[in-house]
Amino acid sequence: MWLPALHAGPGRCMLPRGIREDDGGAVGNMAKIELGSTLRVLEPYPGILAFYDGRIPGVRAWSDAPNWLDDGAFALGCASYAVIDGEEALVYDTHISLAHATLIRRRLEAAGVTRIRVVLSHWHDDHVAGNEVFADCEIIAHRLTLEALLANRAAIESADPPIRPLVLPNRTFEGSLSLEVGRLAVELHPADIHSHDGVVLLVPAHDLLLAGDTLEEPITYVAEPERLEAHLADLARMAGLPFRRILPNHGAEAVIAAGGYGRELITATELYVRRLLLCRAEPDLATRTLRDFAPDIFALPGISYFEPYEAVHAGNVAKVLARAGTVSAA
Ligand SMILES: [Zn+2]
């Protein structure tokens, strides 16, 4: 979810509860793991696999230095998905590394899949890092995703960790796109939420929405502060799609394993974004911790406080306020 330009930004170093930087070098001693070794494969619905990694206290996957993989994905928890029917699979995002993508591909092939296609939810690092593993497959993305990847290619390929070579989508679409995965119908819909190029995946047979980063639990990550009003409008539009459960790319493993979130995740996101916008007029609101900023969202079913999102929240508030300063100075 992190933009390349923000890799070294404030609030990047999210430490597990109880570990402080002055604890005798505890940060440098945090456990490292081999990339992919902690990947969990969940099956929230028959034929819907979730590849989940991260949210492991005291463990970083890439390095001690602030980086998009650890701080933007692994610390928060990160999932990608596959829709499978018979010998066909549609992979929704290629995960955070080539190692992860390789494990995903092996798992699908072991299940008898012979035709794999990929859909990208949006252009951010933690969703496209494994593309190279699927370079021989059809990689489908919104036209805006291809354009964003092209515009940011140099930054993505030199990020920490680098995504090099960045393998680009080879099929683009605009509007909505209907696909069949085996006998299963799925629909891709653009969703201008979190990122202007967002694409969500509807699986009508399961009343299910794969939401990418348009919905994130407990709070959204603000990547485009100047466009939050547009994101709110598309949240309302997306809520008109027919689904009952939601699987986001960043959320709680247990909830995803149990079938996902209810529509309360949309309510929570709307509440949070509206309150963020209020920070421009109410400075006291901007000083609150996440827990005190939005206690009402944690009263909603399925929405739980998760301490590493305090840093995301602090970054969100800073970006919204910086944007307000830009506007008033203009
Ligand atoms: Zn993300």
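Atoms within each ligand, like the ligands themselves, are counted from 1 in listed order.
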N, O or S from D213 under 2.8 Å to the Zn ion (ligand 1): yes
Check: L209 and R244 side chains under 4.5 Å, non-hydrogen atoms: no
Pair H196 and H122, ring centroids less than 6.0 Å apart: no
N, O or S of H250 under 2.8 Å from the Zn ion (ligand 1): yes
Listed pairs under 3.5 Å, donor-acceptor, residues 251-264 side chains, sequence neighbours left out:
{"from": "E253", "atom 1": "OE1", "to": "R40", "atom 2": "NE", "distance (Å)": "3.3"}
{"from": "E253", "atom 1": "OE1", "to": "R40", "atom 2": "NH2", "distance (Å)": "2.8"}
{"from": "E253", "atom 1": "OE2", "to": "R40", "atom 2": "NE", "distance (Å)": "3.4"}
{"from": "Y261", "atom 1": "OH", "to": "E217", "atom 2": "OE1", "distance (Å)": "2.8"}
{"from": "Y261", "atom 1": "OH", "to": "A252", "atom 2": "N", "distance (Å)": "2.9"}
{"from": "R263", "atom 1": "NE", "to": "F243", "atom 2": "O", "distance (Å)": "3.1"}
{"from": "R263", "atom 1": "NH1", "to": "A239", "atom 2": "O", "distance (Å)": "2.7"}
{"from": "R263", "atom 1": "NH2", "to": "A239", "atom 2": "O", "distance (Å)": "3.4"}
{"from": "R263", "atom 1": "NH2", "to": "L241", "atom 2": "O", "distance (Å)": "2.7"}
{"from": "R263", "atom 1": "NH2", "to": "F243", "atom 2": "O", "distance (Å)": "3.1"}

Metal proximity, H127 vs the Zn ion (ligand 1), N/O/S cut-off 2.8 Å: yes
Set of ring pair (Phe, Tyr, Trp, His ring centres under 6.0 Å) partners for H231, sequence neighbours left out: none
